[in-house]
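We use all heavy atoms of the structure for the numbers below, so side chains are in, but hydrogens, waters and symmetry mates are not.
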Amino acid sequence: YRKELELRTTLRELLVYIVFLTDLCILTFGMVSTDMYYLNKVMSHLFLETSSSEAGGITFRSLGSTADFWKFAEGPLLDGLYWDKWYNNMTLTIQKNSSHIYYENLLLGVAQIRQLKVRNGTCSIYPYFQTFLKECYCEYRYRAEDRSAFGLKNGWKYVSVSSLSPWYWGYVGLYSNGGFIFTLPKSKQKSMEKLVFLRQNSWLTRGTRVVFIDFSMYNANVNLFCIIRLVVEFPATGGVLTSSHIYSVKLLRYVTYYDYFLASCEITFCLFVITFIIQAAIKIAKLKTEYFRSVWNWLDILVVMVSCPSTLTSVLAMSLLMEELLSNSSVYPDFYFLASWQVHYNNMIAVSVFFAWIKIFKYIRFNKTMTQLSSTLSRCAKDIIGFAIMFFIIFFAYAQLGYLVFGSQVDEFSTFQNCIFTQFRIILGDFNFATIEEANSILGPIYFITFVFCVFFVLLNMFLAIINDTYSEVKADFALIPSQEFTLGNCRSSNEQTGRPTNRSLRGALSQGFVAVFLCPRLFRYTAELEKKLDDVNRKLGRIMKKK
């Protein structure tokens, strides 16, 4: 009866959870669409890969110096921001104080360009070279940031931005949200004149470490906002590093009838989350520390912890008024902050969906295959932990060797993190042996051959052997379960034949069957070993009795 009650409770919880999972999937997939990908692809091609005759074939991805930056800004950037002619050079009828990108996307406000600088003398110079070097600009650090006004009559001044705007983590530094800021006018001709003025008066200096180009647009055809940030870093070593972020998000969420259906799914999702929190609190109050000994309970807590911030983030994103950002068309509307929160919300929902699907295993754990899988993993956990320690000692030793030997010449080994990812790629068969051999003709082949031999041929096969051996043992244990069930069934049928089927005997048989099938799979193997030992003892005793 207890087993039947447990199965009924599990099935009821499974049905409720399927409803929750269905609601979560509808909510998640309703927030994304293929239009986002196509819009990002179009904007990426326009601003990252397109050149112009004035730029001399230079694109954003191919920037290599400060001069290249100005060629890109005065050429492909302005050509992409201001579309005033059709393909046959016919002038478009555009409303006053408005600009379109690719004809279909309305430029919101104006574009903004921001730079961050460091002060002179912020790095240490060896005494021997102090007579030769009078200027020294270190890599970007917040404490070394130069905030003093510069330019003609100190006309360019540092601007502090709201603390809500996120900092940017680039290739070579973590950059603050302030800087020297200017915006481009609504006219292409005036924007060109302003950029030429900045270039001729050295707006970019030796202390410049990063330049941000931010602008936003709206496509009414698909009801999507596209927020673009182009980042140009000027490291202390010289040269240019470029990166970009293009976010297509749906900020106007309730327009069509389907959007209102998604709103009802959001409300249902919030109710489910509140219900899960109450259930977890009740269980914790009843079981106390015993509650945290189950892996499934930890998974429940994880799903709730990930779902709560995503719900709060959605409320925060919807509470920010769009009218306030678009109230003045001559200033830059900071949609990047809003888009970043929307992206974080989508990421948290995606993580919630992942763990929600994993939680289904909690309700199908009574299946024989799932029981074998969980038993295999639980039995070999200690062996796998010991193996993992040995594996990662060797793995990180090779990563340090690769970083120290090839780090200054091979891009895949330029940082310690890249070394770790590169070695995982080598394990999967994705590697470039020629670059390693070219960097060091002696240590390169030795590193590669020994790494493949130790990790691929030895350690990975040991890992598979551990799991395979444990699975064989578990399968052998489960092979004994049907015979025990058959014995219990014979005992119960023999009682029925004798006409003395007592409740005590039936309850004992059912409880024994439950323990045998679900609780103690090792008991059968232990019993079989005892039977073998007893048979050996009986044989020995028989031999002794015969001799006497």
Side-chain angles (χ1 to χ4, degrees), residues 47-48 60-73 77 111-126 129-130 133-151 154-183 195 198-199 201-215 227-247 332 334 336-337 339-340 343 403 407-408 411 413-418:
F47 290 101
L48 305 183
F60 180 79
R61 297 185 188 275
S62 63
L63 295 182
S65 63
T66 305
D68 292 343
F69 170 79
W70 289 115
K71 290 180 181 179
F72 165 76
L77 178 61
Q112 173 184 277
I113 300 180
R114 174 172 63 98
Q115 74 156 318
L116 292 173
K117 302 167 53 180
V118 294
R119 298 187 304 271
N120 183 20
T122 50
C123 53
S124 300
I125 302 177
Y126 190 74
F129 293 99
Q130 290 180 356
L133 300 174
K134 300 300 181 182
E135 296 180 344
C136 181
Y137 299 89
C138 68
E139 65 276 3
Y140 178 83
R141 296 193 301 269
Y142 183 71
R143 293 183 178 181
E145 189 175 297
D146 186 4
R147 302 186 179 184
S148 59
F150 72 104
N154 292 330
W156 297 318
K157 297 181 180 180
Y158 186 88
V159 179
S160 298
V161 185
S162 173
S163 59
L164 293 176
S165 298
W167 287 28
Y168 180 81
W169 198 327
Y171 287 122
V172 293
L174 178 63
Y175 304 102
S176 66
N177 50 16
F180 298 91
I181 301 174
F182 74 89
T183 57
L195 289 174
L198 293 174
R199 172 172 56 84
N201 291 276
S202 301
W203 187 71
L204 295 181
T205 64
R206 286 187 57 189
T208 301
R209 287 292 170 260
V210 65
V211 174
F212 298 95
I213 304 174
D214 297 295
F215 52 94
I227 292 87
I228 299 178
R229 166 167 286 184
L230 307 179
V231 184
V232 182
E233 296 181 70
F234 300 89
T237 57
V240 171
L241 298 174
T242 60
S243 59
S244 62
H245 295 273
I246 302 177
Y247 299 135
Y332 165 71
D334 189 10
Y336 186 81
F337 165 73
S340 61
V343 170
Y403 174 66
S408 60
D411 180 56
F413 294 87
S414 58
T415 62
F416 188 72
Q417 295 85 347
N418 287 348

Does the [X] side chain pair with the main chain of [Y], one donor and one acceptor, at a distance under 3.5 Å?
X: R119; Y: R143; result: yes
X: Q115; Y: W203; result: yes
X: R209; Y: R141; result: no

Distance-only donor-acceptor check, side chains T122 and Y140, under 3.5 Å: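 No - no donor-acceptor pair under 3.5 Å links their side chains.
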Where do [X] and [Y] come nearest, in terms of heavy atoms and distance?
X: S176; Y: Y158; answer: OG-OH, 4.0 Å
X: L116; Y: G179; answer: CD2-CA, 3.6 Å
X: N120; Y: C136; answer: OD1-N, 2.8 Å

Candidate pair S62 and D68, rule side chain to side chain contact (heavy atoms under 4.5 Å, CB included), full reasoning: CA-CA 9 Å; S62 63; D68 292 343; over 6 Å; no
Mind telling me whether [Y] and [X] have parallel, tilted or perpendicular rings, with 30° and 60° as the class edges?
X: F72; Y: F60; result: tilted
X: Y142; Y: W167; result: tilted
X: Y175; Y: Y168; result: parallel
X: Y336; Y: Y247; result: tilted

Audit row: V172, E139, side chain to side chain contact (heavy atoms under 4.5 Å, CB included) steps and yes/no: CA-CA 8 Å; V172 293; E139 65 276 3; over 6 Å; no
Could you grab the distance from atom [atom1] of [X] to atom [atom2] of [Y], nearest 0.5 Å is fine?
X: S202; Y: W156; atom1: OG; atom2: CH2; answer: 7.5 Å
X: T208; Y: F234; atom1: OG1; atom2: CZ; answer: 7.0 Å
X: R229; Y: S340; atom1: CZ; atom2: OG; answer: 8.5 Å

Pair F47 + F215: ring centers closer than 6.0 Å: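 Aromatic pair counts; centres sit under 6.0 Å.
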Verdict with supporting geometry, L133 and Y126, side chain to side chain contact (heavy atoms under 4.5 Å, CB included): CA-CA 10 Å; L133 300 174; Y126 190 74; over 6 Å; no
Result of checking L230, I113, V231 against F212 for side-chain contact (heavy atoms from CB on, under 4.5 Å):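 The passing option is V231.
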Stepwise side chain to side chain contact (heavy atoms under 4.5 Å, CB included) test for N418 and F413: CA-CA 5 Å; N418 287 348; F413 294 87; over 6 Å; no
